[in-house]
There are 2 protein chains.
Amino acid sequence: MALRHAVLAALLNEELSGYQLAKAFDVGVANFWHALPQQLYAELAKLEREGLVAGREVVQDTRPNKRLFTVTEAGLAELTRFAATADKPSFIRDDLLVKVQAADHLDPDELVTRLLERAALADAKIELFGGLLRRMRGDRDEEDFLRHGDHIGPYLTCLRGLAFEQGNRDWCHRTAAVLRERRTTDVPR
Amino acid sequence: MALRHAVLAALLNEELSGYQLAKAFDVGVANFWHALPQQLYAELAKLEREGLVAGREVVQDTRPNKRLFTVTEAGLAELTRFAATADKPSFIRDDLLVKVQAADHLDPDELVTRLLERAALADAKIELFGGLLRRMRGDRDEEDFLRHGDHIGPYLTCLRGLAFEQGNRDWCHRTAAVLRERRTTDVPR
DNA sequence: TACTACATGTAATGAGTTACATGATTAG
DNA sequence: CTAATCATGTAACTCATTACATGTAGTA
């Protein structure tokens with residue numbers, strides 16, 4: 001029951017349509033949660049029925065009409081209540097780690113391929129997040145922005161996303177190097 | 001459909017009961033996947049029906065009897081097939097990040113409390129993982145173990161878990177420091 | 001002309017969580 | 001005597017993913 005809170009948090013600083021939300025929750029920018037469009041449309045409908053968000057129709061002639069959503073008082077109250085609860089630990093669930101766990105019984109070349117694929121993906125995200133951070137803090141430096149800027153929430157979560165992807169990239173390279181090294185030194189299997 | 005592969009990977013290096021598996025997949029040691037006991041018992045039953053794992057009854061008189069599982073040839077083949085598929089990107093889903101995303105609209109003290117709780121949890125895991133790594137590599141140093149040891153798969157995934165928790169801890173402290181700093185310098189909200 | 005972006009959903013299936021159930025042994 | 005550990009599940013429910021569905025406008 002936390003997708004609802006993720007949606008509320010995402011709508012706090014900007015009014016968004018379901019479509020825009022979906023993009024924010026997609027692969028690219030999901031620094032704090034991930035969800036598919038279908039889930040988001042469904043969740044928005046539910047949140048609106050419960051009065052936690054309010055939607056307003058925006059008529060467009062060149063594009064299909066859309067509905068923009070904002071968080072209501074009740075929605076903010078719900079988020080506040082949520083913030084006071086202890087959060088359940090978050091878990092890793094990653095195909096790639098499963099494969100590396102089985103490394104001793106699998107083809108190293110195959111694994112190295114996967115690891116480099118993932119490292120490339122991480123690099124792309126690192127660049128993306130770097131750009132987002134720069135845009136958010138404008139011409140200030142980070143220290144100054146975090147002390148005196150507003151909307152630091154998204155900035156802070158993006159910092160976590162950045163560090164996470166850097167961790168991914170480093171680990172992928174290190175692991176690939178280890179597997180390649182063993183391949184050439186002819187280790188018994 | 002990846003829990004099955006996680007179970008197979010976990011059973012590769014040691015014969016385990018459902019109960020032992022459940023402990024490995026629990027909060028403490030889940031460096032590459034997480035699942036609850038119920039899921040694991042169900043998955044083991046399914047894997048056995050499909051011939052991917054084989055269970056053998058172990059009679060105990062002081063404890064309830066248990067069934068120990070090993071991966072079959074077919075199971076290893078299934079893992080190999082899995083390793084060749086491209087893996088879907090893994091996503092973050094974390095209550096705490098949702099709360100920080102909404103930081104600009106929530107009570108900073110509350111958030112700092114959550115962040116320090118999480119940092120403490122991360123510290124505990126860091127110690128735990130550190131110990132596991134030491135046990136796995138024995139008296140060798142890491143470089144040597146990774147070059148010539150066997151069962152490096154679990155070691156490598158544990159390294160990722162360790163780095164992840166260190167990232168968590170650092171980010172929690174940094175974020176808490178930022179929020180405390182702003183509280184004292186009286187930023188407009 | 002084909003593809004991508006905009007914009008919003010429904011339906012079916014699969015995966016994960018919560019609650020419940022049982023029963024013995026050992027450590028505090 | 002109470003709690004934790006060992007050991008294994010079932011049932012109900014919620015959440016997430018996959019597949020499908022529709023239609024317009026701008027870009028290559």
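Sequence lines set the chain letters: A, B, ... in the order given, protein chains first and strands last, and positions in each chain run from 1. Note that these values count all heavy atoms, side chains included, but never hydrogens, waters or copies made by symmetry.
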Sequence neighbours excluded and cut-off under 3.5 Å, please list the side-chain donor-acceptor pairs for residues 57-65 of chain A, or say none.
unit_1: A/Gln60; atom_1: NE2; unit_2: A/Pro64; atom_2: O; d: 2.7
unit_1: A/Asn65; atom_1: OD1; unit_2: A/Gln60; atom_2: N; d: 2.9

Spacing between [X] atom [atom1] and [N] atom [atom2], to the nearest angstrom:
X       : N      : atom1 : atom2 : answer
B/Trp33 : C/dA15 : CH2   : P     : 10 Å
A/Asp95 : C/dA15 : CG    : P     : 12 Å
B/Leu36 : C/dT18 : CG    : C1'   : 9 Å
B/Met1  : C/dG16 : CE    : P     : 11 Å
A/Leu44 : C/dT10 : CG    : P     : 12 Å
A/Phe91 : C/dA15 : CZ    : C1'   : 16 Å
B/Phe25 : C/dA15 : CZ    : P     : 15 Å
B/His34 : C/dA15 : NE2   : C1'   : 14 Å

Closest-nucleotide 5' rank along DNA chain C - winner of A/Lys88 and A/Gly18: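 Whichever sits nearer the 5' end wins; that is A/Gly18.
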For DNA chain D, determine which residues of residues 2-17 of chain B have any heavy atom closer than 4.0 angstrom to one of its atoms, and list them numerically.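 Here the set is B/Ser17.
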Would you call [X]-[Y] a salt bridge at under 4.0 Å N-O?
X        : Y        : answer
B/Asp94  : B/Arg118 : yes
B/Lys46  : B/Glu50  : no
A/Arg4   : A/Glu48  : no
A/Glu127 : A/Arg169 : no

Contact nearer the 5' end of DNA chain D, comparing B/Gln38 with A/Glu43: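 Here B/Gln38 is the residue nearer the 5' end.
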Go through the structure and list residues passing ring pair (Phe, Tyr, Trp, His ring centres under 6.0 Å) with A/Phe91, not counting sequence neighbours.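 Residues passing ring pair (Phe, Tyr, Trp, His ring centres under 6.0 Å) with A/Phe91: B/His34.
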Is any side-chain heavy atom of B/Val7 closer than 4.5 Å to a side-chain heavy atom of B/Leu52?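 No, side chains not in contact.
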Answer yes or no: is there a side-chain heavy-atom contact under 4.5 Å between B/Ile126 and B/Asp123?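 Of all side-chain heavy-atom pairs linking B/Asp123 with B/Ile126, at least one is under 4.5 Å.
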Does A/Lys23 make a side-chain N or O approach to OP1 or OP2 of C/dT4 shorter than 4.0 Å?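 Looking at the OP1 and OP2 atoms of C/dT4, neither is under 4.0 Å from any side-chain N or O of A/Lys23.
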Pairwise N/O distances under 3.5 Å, protein to nucleotides 24-28 of chain C:
unit_1: C/dT26; atom_1: OP1; unit_2: B/Thr62; atom_2: OG1; d: 2.8

First and last nucleotide of DNA chain D touching chain A, 5' to 3', heavy-atom cut-off 4.0 Å?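 Contacts span D/dC15 to D/dG26, reading 5' to 3'.
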Quick test of your reading: applying side-chain hydrogen bond (donor to acceptor under 3.5 Å, both in side chains), list the pairs with at least one residue in residues 77-87 of chain B, sequence neighbours left out, ordered by first then second residue.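 Of all non-adjacent pairs touching residues 77-87 of chain B, those that pass side-chain hydrogen bond (donor to acceptor under 3.5 Å, both in side chains) are A/Lys99-B/Asp87, B/His5-B/Glu78, B/Glu78-B/Arg81.
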Do B/Thr113 and B/Glu110 get their side chains close enough for a donor-acceptor pair, meaning under 3.5 Å?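 No donor-acceptor contact under 3.5 Å links the two side chains.
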For the pair A/Arg114 (side chain) and B/Ala84 (backbone), establish whether a donor and an acceptor sit closer than 3.5 Å, ignoring hydrogens and angles.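 It does hold such a pair.
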